[in-house]
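The structure appears below as structure tokens.
Below, each value reflects all heavy atoms present in this structure, side chains not excepted, and no hydrogens, waters or symmetry copies. Small disclaimer: the values here were computed from a predicted structure and weren't measured.
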Amino acid sequence: MSRDESDRRPGRDSLAARLIARIDREGPLPVDAFMAACLEDSRHGYWQRGGGIGAQGDFITAPEISQVFGELIGLWCGVVWQSLGHPDGVRLIELGPGRGSLMVDALRAAGAVAGFLEAASVHLIEASGPLREVQRQALLPARRRTRSHAPPIAWHASLGEVPQGPAIVIANEFLDALPIRQLIFAKSAWHERVVAGEGEGLKFALGARVDDAPPLAGDPTPGTIWEVREGDAALVAELARRAGPLVALLIDYGPAEDAFGDTLQAVRRHAYVDPLAAPGASDLSAHVQFAALKRSAAAAGLAAAGPLPQAVLLGRLGIGERAARLMAANPERAGEIAAGVERLMSPTGMGGLFKAMAIRSRHLSPPAGFL
Ligand code: SAH
């Protein structure tokens with residue numbers, strides 16, 4: 001049976017069937033609990049599939065589009081390390097490394113910053129077993145090929161497991177995968193939006209009234225949706241708990257200012273699908289609310305800079321020069337390199353929709369690209 005057929009048949013053990021049974025027992029699930037189950041279920045959760053990222057999978061990300069993306073971030077990490085005073089034992093931490101491509105490209109480029117790789121250890125925070133294996137396959141051979149010193153690499157289930165010390169944290173499209181609650185305005189008040197059972201399937205429904213206060217003034221029209229990601233605050237609190245100077249670069253898609261709206265999306269084979277149709281079979285994500293993230297960072301005692309459109313940050317980090325050099329060295333790939341860079345920079349596409357925010361220990365100045 002192909003993967004498609006098995007997904008369409010809601011067998012008794014499928015995630016859909018188990019969610020329906022759970023809803024029968026416990027009542028409708030808030031959207032964040034539904035999203036967590038779809039992505040993280042240990043048997044049928046989306047991350048257990050491992051194959052979703054890249055041209056052959058369900059969705060494409062910046063490091064899979066162009067090597068220049070990871071290279072610029074690797075150089076940025078080296079410059080940040082210099083600005084911290086070249087500390088020994090610096091932790092280079094990546095949240096949600098996907099196929100490992102960003103880190104492979106970053107380490108290759110960071111070799112140009114004298115002393116950085118000798119001073120660093122790499123820490124990959126990854127929930128998915130299959131993706132950890134993909135990362136291992138990508139990073140270990142690349143590590144053997146590196147002429148300069150290759151830093152040790154360790155995998156962790158959460159940021160809290162990374163040993164203390166100075167830290168440089170990078171994350172691309174990590175936050176958008178953290179579950180969101182959806183609150184819906186109805187009958188002059190905000191309510192939890194929930195996922196309820198409907199025969200053999202699932203539907204969205206109105207849950208209990210909530211007391212949460214939205215960041216935007218005025219009465220919204222009935223049906224307005226406000227998304228709240230509690231993982232934002234949990235992440236910045238974890239960053240703030242670390243001893244030693246810390247600089248984090250978070251790149252993701254979403255608006256710079258507070259905004260209402262339903263942004264929950266399910267993607268499969270590069271097309272949008274119904275998020276309730278086949279739980280666990282599609283990638284679920286939602287906009288990162290950068291204004292809310294910034295408030296969470298401040299509340300945790302950290303400083304934030306940005307968000308900047310991705311195109312602005314990559315421009316400041318020298319994407320034009322780097323791409324030109326790469327094209328001159330690989331003329332047979334020039335068209336492909338130019339097309340990739342154009343995709344990352346497009347003001348109406350990734351260059352504008354994606355934003356970069358830097359979060360740092362309060363005593364540090366804003367890092368390169370955010371000055
Ligand atoms: N950064 C990569 C992958 C983005 S997809 C890229 O740009 O291509 C999101 C990644 O985060 C995946 O590797 C996924 O397995 C991981 N992930 C999602 N939720 C996680 C969690 N709660 N803890 C650790 N890793 C998580």
Side-chain angles (χ1 to χ4, degrees), residues 70-97 100 102-126 135 139 142-143 146 148-172 174-175 232-252 293-294 296-306 308 313 316-317 356-371:
E71 290 172 353
L72 292 174
I73 292 180
L75 288 167
W76 178 89
C77 291
V79 170
V80 167
W81 171 71
Q82 290 172 329
S83 76
L84 294 176
H86 311 86
D88 207 20
V90 64
R91 317 280 175 205
L92 176 52
I93 303 171
E94 184 176 0
L95 309 174
L102 195 167
M103 189 54 83
V104 167
D105 296 333
L107 292 177
R108 189 177 57 246
V113 180
F116 176 46
L117 295 183
E118 288 83 341
S121 55
V122 173
H123 301 269
L124 302 177
I125 314 303
E126 178 55 68
Q135 292 154 17
L139 277 152
R143 198 168 158 226
T146 328
S148 52
H149 181 86
I153 302 176
W155 278 262
H156 310 274
S158 70
L159 187 58
E161 292 178 8
V162 180
Q164 293 293 349
I168 300 171
V169 182
I170 55 179
N172 184 61
F174 172 75
L175 287 166
D232 283 0
L235 174 69
V236 292
E238 196 61 59
L239 292 174
R241 252 196 299 280
R242 291 192 58 84
L246 171 133
V247 182
L249 176 62
L250 308 173
I251 302 180
D252 225 306
L293 182 62
K294 205 166 185 166
S296 294
L302 298 167
L308 300 174
L313 179 71
R316 289 183 185 170
L317 298 184
M357 179 172 262
I359 292 180
R360 64 189 193 275
S361 313
R362 232 181 350 202
H363 67 280
L364 300 174
S365 346
F370 290 87
L371 297 165

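- In this structure the side chain of L235 reaches within 4.5 angstrom of the side chain of L95, judged on heavy atoms.
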> Would Q135 and I153 count as a side-chain contact (heavy atoms from CB on, under 4.5 Å) if you check the C-alpha gap in whole Å, the side-chain angles of each, and the deciding distance to 0.1 Å?
Replying inline: CA-CA 10 Å; Q135 292 154 17; I153 302 176; over 6 Å; no
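- By the 4.5 Å heavy-atom criterion applied to side chains, L313 and L72 are not counted as neighbours.
- When every heavy atom of P97 is checked against every heavy atom of E126, the shortest pair comes out as CD-OE1, 3.3 Å.
- For the atom pair R362 CZ and L302 CG, the distance stands at 8.0 Å (nearest 0.5 Å).
- Within the 4.5 Å cutoff, the side chain of L139 has no heavy atoms near those of the V122 side chain.
- Residues that satisfy the side-chain hydrogen bond (donor to acceptor under 3.5 Å, both in side chains) test with E161, not counting sequence neighbours, are absent from this structure.
- In terms of heavy atoms, G74 sits closest to A110 at O-CB, 3.7 Å.
- Applying the ring pair (Phe, Tyr, Trp, His ring centres under 6.0 Å) test to every pair with at least one member in residues 102-125, sequence neighbours left out, gives these pairs: W81-F116, H123-H156.
- M103 has its side chain within reach of I170: a pair of non-hydrogen atoms, C-beta onward, lies under 4.5 Å apart.
- Taking 4.5 Å as the limit, every side-chain heavy atom of P151 sits out of range of all side-chain heavy atoms of S121.
- Taking the side chain as every heavy atom from C-beta outward, L249 and P367 never approach each other to under 4.5 Å.
- Between A305 and R360 the shortest heavy-atom distance is CB-NH1, 4.0 Å.
- Once rounded to the nearest 0.5 Å, the distance linking CG of L246 with CD of Q164 reads 10.0 Å.
- Side chains of V162 and I125 form a contact here, defined as non-hydrogen atoms less than 4.5 Å apart.
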>> Would R242 and R91 count as a side-chain contact (heavy atoms from CB on, under 4.5 Å) here? Give the steps.
In response: CA-CA 11 Å; R242 291 192 58 84; R91 317 280 175 205; 3.8 Å; yes
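- One finds the CG atom of L239 at 11.0 Å from the OG atom of S296 (value rounded to the nearest 0.5 Å).
- Inter-residue side-chain proximity for L317 and L75 is flagged as unmet; no heavy-atom pair is nearer than 4.5 Å.
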>> Quick one, I93 with L159, criterion side-chain contact (heavy atoms from CB on, under 4.5 Å). Give me CA distance, side-chain angles, the key distance, then yes/no.
In response: CA-CA 8 Å; I93 303 171; L159 187 58; 3.9 Å; yes
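- Taking both residues in full, the closest heavy atoms of A119 and P87 are given as CB-O, 3.7 Å, listed atom of the first, atom of the second, then distance.
- The heavy-atom pair separating L371 from R316 by the smallest distance is O-NH1, 4.1 Å.
- With rounding to the nearest 0.5 angstrom, the CD atom of E94 is 11.0 Å from the CH2 atom of W155.
- Note: I73 CD1 to I251 CD1 = 4.0 Å, rounded to the nearest 0.5 Å.
- Counting only distance, with no hydrogens or angles, the side chain of E71 and the backbone of A109 share no donor-acceptor pair below 3.5 Å.
- Of all heavy-atom pairs spanning K294 and A304, the tightest one is CG-CB, 3.8 Å.
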